[in-house]
Protein chains: 4
Amino acid sequence: MAQEAAGEGRRGARRGDILKAARARFGREGGHAKATMADIARDIGVAEGTVYLYFASKRELVLAVIVDWFGEITERTAREAVAIKTPPDRLRFLVLRHFDVILDNPELYLMFLREVRATAGYRRSPGRALNRRYTDLLKETLAAGEAAGLSPATMRDLVYGGVEHICLSAIHRGEAATLDRAGLAASIAQAYARAFGLGDVQPLGDRLRRIEEHLGLDDTPG
Amino acid sequence: MAQEAAGEGRRGARRGDILKAARARFGREGGHAKATMADIARDIGVAEGTVYLYFASKRELVLAVIVDWFGEITERTAREAVAIKTPPDRLRFLVLRHFDVILDNPELYLMFLREVRATAGYRRSPGRALNRRYTDLLKETLAAGEAAGLSPATMRDLVYGGVEHICLSAIHRGEAATLDRAGLAASIAQAYARAFGLGDVQPLGDRLRRIEEHLGLDDTPG
Amino acid sequence: MAQEAAGEGRRGARRGDILKAARARFGREGGHAKATMADIARDIGVAEGTVYLYFASKRELVLAVIVDWFGEITERTAREAVAIKTPPDRLRFLVLRHFDVILDNPELYLMFLREVRATAGYRRSPGRALNRRYTDLLKETLAAGEAAGLSPATMRDLVYGGVEHICLSAIHRGEAATLDRAGLAASIAQAYARAFGLGDVQPLGDRLRRIEEHLGLDDTPG
Amino acid sequence: MAQEAAGEGRRGARRGDILKAARARFGREGGHAKATMADIARDIGVAEGTVYLYFASKRELVLAVIVDWFGEITERTAREAVAIKTPPDRLRFLVLRHFDVILDNPELYLMFLREVRATAGYRRSPGRALNRRYTDLLKETLAAGEAAGLSPATMRDLVYGGVEHICLSAIHRGEAATLDRAGLAASIAQAYARAFGLGDVQPLGDRLRRIEEHLGLDDTPG
DNA sequence: TATGAATGAGAATTCATTCAT
DNA sequence: AATGAATGAATTCTCATTCAT
């Protein structure tokens with residue numbers, strides 16, 4: 001039972017210590033490139049060789065940290081998402097969550113982008129499954145939409161890509177801290193809902209037209 | 001005047017040779033990380049030290065290559081974009097162009113993402129102005145639309161981020177070559193047009209104002 | 001008695017398991033340098049520390065494997081050699097056997113060359129006695145010869161060195177498998193028999209001279 | 001002209017310094033395994049990186065040292081050998097020379113055996129040609145003799161293998177210094193001359209043919 | 001007897017940058 | 001303007017051996 005928790009037991013505990021120390025180091029400015037195996041070993045008071053008893057190489061440790069981190073996020077996100085019933089609300093929730101994921105751990109996210117996603121063997125990596133579970137939450141939500149010519153996967157890429165880009169831009173401008181995550185998430189979710197014909201969101205133009213007609217205003221004044 | 005042309009004069013010619021060789025090296029698999037200053041010097045038959053007479057450091061050379069590359073793209077895109085009158089068509093054109101930019105030179109684009117945009121001093125860098133001119137083409141196009149709560153800059157980020165994400169995903173899956181760029185660009189442009197209310201004959205804001213005036217509502221409520 | 005058999009008793013059995021696993025590992029491409037103590041322990045399902053209860057160090061295990069291996073070979077060779085009565089036949093037999101020893105276990109033989117024979121303490125090592133018994137079989141055979149100025153030990157070194165060199169050359173050329181061991185052994189044994197005046201082998205030149213004289217042919221025609 | 005000497009010129013001089021320092025280090029007890037690149041660099045007062053400007057890796061340096069050493073030996077041996085006319089004398093000379101080569105630089109010789117000859121790519125390596133030139137001196141000498149069923153290459157292997165074995169045995173016994181090289185060389189050369197029918201005024205084959213013709217025997221019996 | 005987690009020293013290699021000529 | 005030889009810091013990974021349990 002304790003074994004099952006994958007964090008108990010002498011071996012599991014030590015492995016957990018290493019992962020924790022590594023995540024902290026990798027999360028610092030400069031990311032995993034600046035962190036050395038010696039640093040991590042020293043942080044938890046073991047010999048360098050000891051780290052290699054648990055992770056065969058630095059790259060493996062990097063990947064393990066990401067899997068570990070993404071696992072937590074996915075777990076939590078999936079748990080919370082089920083409580084949100086309507087697609088538009090769920091979309092807003094997932095967009096906001098992605099803002100949090102990136103802005104709270106930019107270095108880890110960049111590490112994921114560069115080291116995991118950009119890897120040839122990624123499709124079969126253990127990280128792949130986790131990431132898939134995470135992004136599938138959005139894909140399923142978007143599948144409720146009815147966008148002409150766009151597959152759910154493409155819609156998902158558009159959403160995550162857009163959020164990612166906004167976050168990285170903000171980080172680069174040094175405005176990450178002051179970003180109105182919730183507000184942006186709401187606006188963006190609404191925009192995408194319109195884009196993908198999600199929920200009962202009706203194109204703004206159509207709604208305006210109805211009002212204009214009702215009021216007897218010309219279609220194209222002056 | 002000859003200097004202005006940036007390609008005239010003995011000095012300009014040599015500088016151009018270096019830029020060309022560097023762009024070729026940086027564009028290869030592995031990008032600029034795998035390319036050494038010695039490689040570049042050897043390619044054009046000069047000594048290593050000579051490169052430093054034109055570029056103070058490798059980083060500076062990297063930035064110069066990007067500015068050079070982006071300059072060409074921006075020039076061409078701006079020239080071609082003016083011929084396209086309606087915002088929806090222009091949006092589709094710019095989306096397709098971004099697909100081409102990334103998929104034709106993935107290594108250079110990644111270099112731009114990591115090395116240029118991710119730089120503290122980016123805002124004042126010469127590359128910044130060029131990139132701004134490039135992305136402003138889209139920003140202006142999108143400004144014609146009006147989505148509640150989204151600034152033109154944010155809309156632009158959403159569009160470019162989405163395209164970027166789709167391209168990188170395709171590259172990672174090894175499906176970059178078979179991507180239906182034109183088809184995807186059309187669908188995506190349409191989706192964003194819906195998202196941002198683009199393509200309506202008249203900007204939503206103007207129409208709303210007319211309605212508000214007609215109803216005798218205040219200009220700035222609450 | 002049980003101890004003497006070196007294979008009886010709980011302790012003897014485990015020791016034997018380790019030796020067997022080590023010999024297999026050491027015999028692989030790369031030899032003992034590539035084999036780790038952990039490999040060997042894992043092969044027989046014991047902990048690394050356990051191996052050290054039977055062999056004080058890796059070096060000791062290496063030596064024990066060689067003694068073990070050479071013991072078998074010597075035993076068998078001595079047993080079979082007694083049946084061969086004439087020195088020339090015995091020489092051929094021992095040459096062929098040496099081809100077999102080296103070509104069937106090149107890695108073990110190289111290990112013997114480098115690790116055992118090249119050791120300062122070799123003369124007193126347990127392996128020394130065995131190897132001596134093995135090579136003495138040849139030395140005694142050659143002692144029957146009457147070579148001017150060559151001690152039996154030197155003659156033995158010449159023979160074994162020659163065979164060794166031919167085998168290693170063949171291995172390096174990748175021709176070890178196609179070597180005509182028996183044929184080569186016969187020719188080589190005959191050459192050495194002539195060299196050392198062994199048995200009734202008379203120098204070819206002398207025999208020819210007798211024939212030439214008998215036929216009345218000139219010594220140096222044309 | 002100075003360039004031709006392959007040791008002149010600034011670059012050649014530095015390369016020569018490194019080779020010299022490396023040969024000295026590799027020749028010490030423990031051989032090249034114990035010598036570090038840092039040792040060699042320090043010996044001649046340059047930075048570690050400098051060594052890598054002349055030799056791409058430690059292995060390449062090892063091979064270069066061997067080629068350099070063997071080149072000298074071959075040059076000298078070939079030069080001196082031409083003055084010795086009769087095969088038996090030449091055989092004795094080459095045997096003695098091999099004693100000198102091994103006993104004067106046992107560590108370098110072992111390095112050659114392990115690192116060069118035992119290498120898959122050896123046949124095409126630059127060292128191969130040199131070694132071939134060296135051993136061919138003996139092969140040609142032995143070709144004058146005729147031993148039933150033994151190719152000149154095999155005869156050469158027997159000779160060099162025998163000498164090698166005697167030397168290594170002497171080294172291992174700590175008797176290398178007191179070895180009577182000249183005396184042994186004479187006896188051994190004589191033994192091999194007998195073995196291979198060398199030293200007879202006329203090749204055995206020719207004499208046999210004459211006898212066969214005299215007796216009216218067929219050219220190709222059986 | 002057996003375990004197996006922990007140790008820790010040790011060495012090759014890269015490459016942007018400099019500066020004397 | 002051009003050369004190109006020299007620099008040297010910086011980090012990963014291996015594995016025989018030990019010893020507390």
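Note that this is a predicted model, so its numbers are computed, not measured. Residue numbering restarts at 1 for every chain, and letters A, B, ... go by the order of the sequence lines.
When rounded to the nearest whole Å, the span between CZ of D/Arg42 and P of E/dA12 equals 11 Å. Distance A/Ile40 CD1 to F/dT12 C1': 12 Å, rounded to the nearest Å. Atom CZ of C/Arg25 is separated from atom C1' of F/dA16 by 16 Å (rounded to the nearest Å). With rounding to whole Å, C/Phe55 atom CZ is found 16 Å from F/dT18 atom P. Residue B/Leu61 contributes atom CG, which lies 10 Å from atom P of E/dT17 at whole-angstrom precision. Spacing between atom OH of C/Tyr52 and atom P of F/dC15 amounts to 12 Å, rounded to whole angstrom units. If you measure from atom CG of C/Asp17 to atom P of E/dT1, you get 15 Å, rounded to the nearest angstrom. In this structure, A/Glu60 places its CD atom 15 Å from P of F/dT12, rounding to the nearest Å.
For the pair A/Met111 and A/Val65, the minimum side-chain heavy-atom distance is below 4.5 Å. For the pair C/Lys20 and C/Ile44, the minimum side-chain heavy-atom distance is 4.5 Å or more. C/Glu107 has its side chain out of reach of C/Phe26: every pair of non-hydrogen atoms, C-beta onward, lies at least 4.5 Å apart.
Of the P atoms belonging to F/dT21 and E/dT1, the separation is 22 Å, rounded to the nearest Å.
Stems are defined here as 3 or more consecutive Watson-Crick or G-U wobble pairs with pairing distances under 3.5 Å; those involving DNA chain F are E:2-21 with F:2-21.
When each of C/Ala35 and A/Met37 is assigned the nucleotide of DNA chain F with its nearest heavy atom, A/Met37 is the one assigned upstream, toward the 5' end. The 5' end of DNA chain F is approached more closely, in terms of each residue's nearest nucleotide, by A/Ala38 than by the other of C/Lys34 and A/Ala38.
Looking only at distances, no side-chain donor or acceptor of D/Glu48 sits under 3.5 Å from a matching main-chain atom of D/Met37. Put simply, the side chain of A/Lys58 gets close to the backbone of A/His32: a donor and an acceptor are under 3.5 Å apart.
Here the closest heavy-atom approach between residue D/Ile40 and residue D/Ala21 is recorded as CG2-CB, 4.1 Å.
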Residue pair A/Leu110, A/Leu168: steps toward the side-chain contact (heavy atoms from CB on, under 4.5 Å) verdict: CA-CA 9 Å; A/Leu110 286 172; A/Leu168 296 181; 4.2 Å; yes
Please evaluate residues D/Tyr54 and D/Leu61 with respect to the criterion side-chain contact (heavy atoms from CB on, under 4.5 Å), reporting the C-alpha separation (whole Å), side-chain torsions for both, the decisive distance (0.1 Å), and the verdict. CA-CA 9 Å; D/Tyr54 296 87; D/Leu61 178 56; over 6 Å; no
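Using a 30° and 60° split on the angle between ring planes, D/Tyr109 and D/Trp69 fall in the perpendicular class, above 60°.
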Between N or O atoms, less than 3.5 Å apart, protein on one side and nucleotides 1-4 of chain F on the other: list the pairs.
from, atom 1, to, atom 2, distance (Å)
F/dA2, OP1, B/Arg14, NH1, 3.0
F/dA2, OP2, B/Tyr54, OH, 2.6
F/dT3, OP2, B/Ala47, N, 3.1
F/dT3, OP2, B/Thr50, OG1, 2.3
F/dG4, N7, B/Gly49, N, 3.2

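Which of F/dC15, F/dT11, E/dT17 sits closest to the side chain of B/Lys58 comes down to E/dT17.
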